[in-house]
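Below: the structure, in structure tokens.
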Amino acid sequence: MNADNPSWFHLRSSAFICGFNCLLASLLPMPAATKAIRFHRLWDGKGKVWSNAVVVVEGDRIRTVGAQIPPDSEVIDLSRYTGLPGLLDVHTHITYYWDQAPGTRPREQRTRPRPAQENARLTLQAGVTTVRDLHASEGSDVAMRELIDSGAMIGPRLFVSTQGLIAARTGKDPSAIAQAVRDRIAAGADWIKMFGSSGGFEDVSGSPTFTLDQMRAAVDAAHAAGRRIAIHSYGPEGARRAVLAGADSLEHAIDLDDGTLQEMARRGTFYVPTIDHNRYYAENAAVYGFAPGSVERLQAFLERNVATARRAFQAGVRFAMGSDAVYTMFGQNTRELEWFVEAGMTPEQALRAATTNGAVLLGKEKELGAVAAGYYADLVAVEGDPLADIRAATRRVRWVMKGGAVVFNAAR
């Protein structure tokens, strides 16, 4: 190589710049390895409210929760705010992005991980630091998970399902369904998603699409491989089959009979009712180009969704918060908690659905969903008291930390 070679010049220039930057970095003070975050109050997700709490963070984990600020730590003063654990949204479609270009509709654009970074950013701003994403095409959710894990994209911690099992695509033979489960795991799925009924967007029909035996084939294959499975059913019959088949979570379902609710409570099946997405679709019907009558059908479904959630809560069924956020719904992920309170939960019970319950559903109850030593340093600061008014958590997030890094800061 010689000086006339552009590649040689580029390498020499890069080496000089790197050397200069490395020298400059060595002269600058290193950031404190330990952070101490002060809150006026802290709800820790384990049933305790701390006053004047200090959360000490080292790296991506919480070291202690108490009142002492270690020497030589970086102090983050959030003493005007209430602290919460990072929230978990266990039903999204985060790769579904729409750039809102004039003359286009959301479902006309293909899903891609890179543009969807706006969805990821808005999710974090809602206080959601962990997401279970249920259904994406062409491996876009796996790609997005890897971009976030590598630090190439800022976003919530992702647990993904790749493409959901759809009867028209996987077939009805139980052995083919089991193989489809294995194929998705080989493609990088953390979870399995199965569409056990019709329904989605403005379609609220809920007709079953798999038999009980077919659902069992999917559940057994997932569990044999160490994975959990979420089954979508808008209607009660698909939901009943999903519960009897052993689904780990049931998504959306309305009009559940008492026997199904009792079986869910007995088995510990999680209910993810996704009530609020019906509100979102009704409000954005014109944007999506829904047919006449869709708004009325969505509103009626929402009312039955709330009624079913109320009965499920009274029956002792476990809840987890799932927004079913898609396209322009990101940033509104936690509005679901307001419907939980409408269905009879206290604000604290609703918060548990978005913290400790979500962590149990994901099998991460020793790392996520609480503010405690050894857990991930996922923290949220909200204005007001969310135990008195859930809207403090759903509407007034001011600061968010994920894995020890501040990812949103609107604190004054």
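Of all heavy-atom pairs spanning Ser140 and Thr95, the tightest one is OG-OG1, 3.5 Å. The two residues Val306 and Ala343 make their nearest non-hydrogen contact at O-CB, 4.1 Å. For the pair Phe39 and Trp399, the tightest heavy-atom approach, listed with the atom from each and the gap, is CZ-CZ3, 4.3 Å. Considering every non-hydrogen atom in both Ala239 and Ala253, the closest pair reads CB-CB, 3.6 Å. Looking at every heavy atom in both residues, Asp257 comes nearest to Arg311 through C-NH2, 3.8 Å.
Of the charged side-chain nitrogens involved, none lies within less than 4.0 Å of a carboxylate oxygen, so that Arg157 and Asp149 do not count as a salt-bridged pair. A salt bridge is defined here as a Lys NZ or Arg NE, NH1 or NH2 lying under 4.0 Å from an Asp or Glu carboxylate O, and Lys46 with Asp44 fails to meet this definition. Comment: Arg132 does not engage Asp89 in a salt bridge, judged by the lack of any side-chain N to carboxylate O separation of less than 4.0 angstrom.
Annotation: the span from Gln299 atom CD to Ser294 atom OG amounts to 11.0 Å, rounded to 0.5 Å. Atoms CZ and CG, from Arg297 and Asp203 in turn, are 9.0 Å apart once rounded to the nearest 0.5 Å. In this structure, the separation between CG on Asn278 and NE2 on His252 is 9.5 Å, given to the nearest 0.5 Å. The distance from the CG atom of Asp99 to the OG1 atom of Thr328 is 11.5 Å, given to the nearest 0.5 Å. Of the inter-residue distances, the one linking Ile148 atom CD1 with Gln117 atom CD reads 10.0 Å to the nearest 0.5 angstrom. Note that the CE atom of Met215 and the CD1 atom of Ile229 stand 9.0 Å from one another [nearest 0.5 Å].
Side chain to side chain, Gln332 and Arg279 meet the donor-acceptor criterion of an N or O pair below 3.5 Å. A donor-acceptor pair shorter than 3.5 Å can be found between the side chains of Gln179 and Arg182. Side-chain contact of Thr82 with Trp43: a donor-acceptor pair under 3.5 Å is absent, judged by distance alone. Defined by atom type and a distance below 3.5 Å, a donor-acceptor pair is missing between the side-chain atoms of Gln262 and Asp258. Inspection of the Tyr288 and Tyr280 side chains reveals an N or O donor paired with an N or O acceptor under 3.5 Å. In this model, no donor atom of one side chain and acceptor atom of the other lie less than 3.5 Å apart for Asp213 and Thr211. Side-chain N/O atoms of Ser249 and Glu251 include a donor and acceptor closer than 3.5 Å. Between the side chains of Glu338 and Thr394, a donor-acceptor pair is found at a separation under 3.5 Å. Side-chain contact check for Asp324 and His93: at least one donor-acceptor pair (N or O, by modelled atom type) lies under 3.5 Å.
In this structure, Lys48 is positioned above the aromatic face of Trp50, its NZ or CZ under 6.0 Å from the six-membered ring centre and within 45° of the axis. Cation-pi geometry between Arg61 and Tyr376 is met: the NZ or CZ atom falls under 6.0 Å from the ring centre, inside 45° of the normal. Arg241 forms no cation-pi arrangement with Phe210, by the criterion of a distance under 6.0 Å to the ring centre and an angle within 45° of the ring axis.
Proximity of Arg145 to Asp190: side-chain heavy atoms (C-beta onward) are separated by under 4.5 Å at one or more points. Taking the side chain as every heavy atom from C-beta outward, Val65 and Leu42 approach each other to under 4.5 Å.
In this structure, Ile154 places its CD1 atom where only 12 or fewer heavy-atom neighbours from other residues, nucleotides or ligands lie under 6.0 Å away. Around atom CZ of Arg121, more than 12 heavy atoms belonging to other residues, nucleotides or ligands sit under 6.0 Å away. By the neighbour-count criterion of 12 heavy atoms within 6.0 Å, atom NE2 of His223 is densely surrounded, having more than that number from other residues, nucleotides or ligands.
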Test side chain to side chain contact (heavy atoms under 4.5 Å, CB included) on Val57 and Val55; report intermediate values, then the result.
CA-CA 6 Å; Val57 172; Val55 181; 4.2 Å; yes
Just do the side chain to side chain contact (heavy atoms under 4.5 Å, CB included) check on Met264 and Leu250 with the steps written out, would you?
CA-CA 9 Å; Met264 291 177 73; Leu250 173 65; 3.9 Å; yes
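Ring orientation note: the planes of Phe301 and Tyr234 are tilted relative to one another, at an angle of 30° to 60°. Note on ring orientation: taking the six-membered ring where Trp is involved, the planes of Tyr281 and His277 are perpendicular (angle over 60°, cut-offs 30° and 60°). Ring geometry, Phe313 versus Phe319: the interplanar angle exceeds 60°, so the pair is classed perpendicular (tilted spans 30 to 60°).
Aromatic rings of Phe195 and His135 (six-membered ring for Trp) have centroids within the 6.0 Å cut-off, being under it.
None of Arg395, Arg396, Arg80 except one satisfies the salt bridge (charged side-chain N to carboxylate O under 4.0 Å, His left out) rule with Glu383; the exception is Arg80. Tested against Asn305 for a side-chain contact (heavy atoms from CB on, under 4.5 Å), the candidates Leu298, Asp276, Ile275, Asp255 yield a single pass: Ile275.
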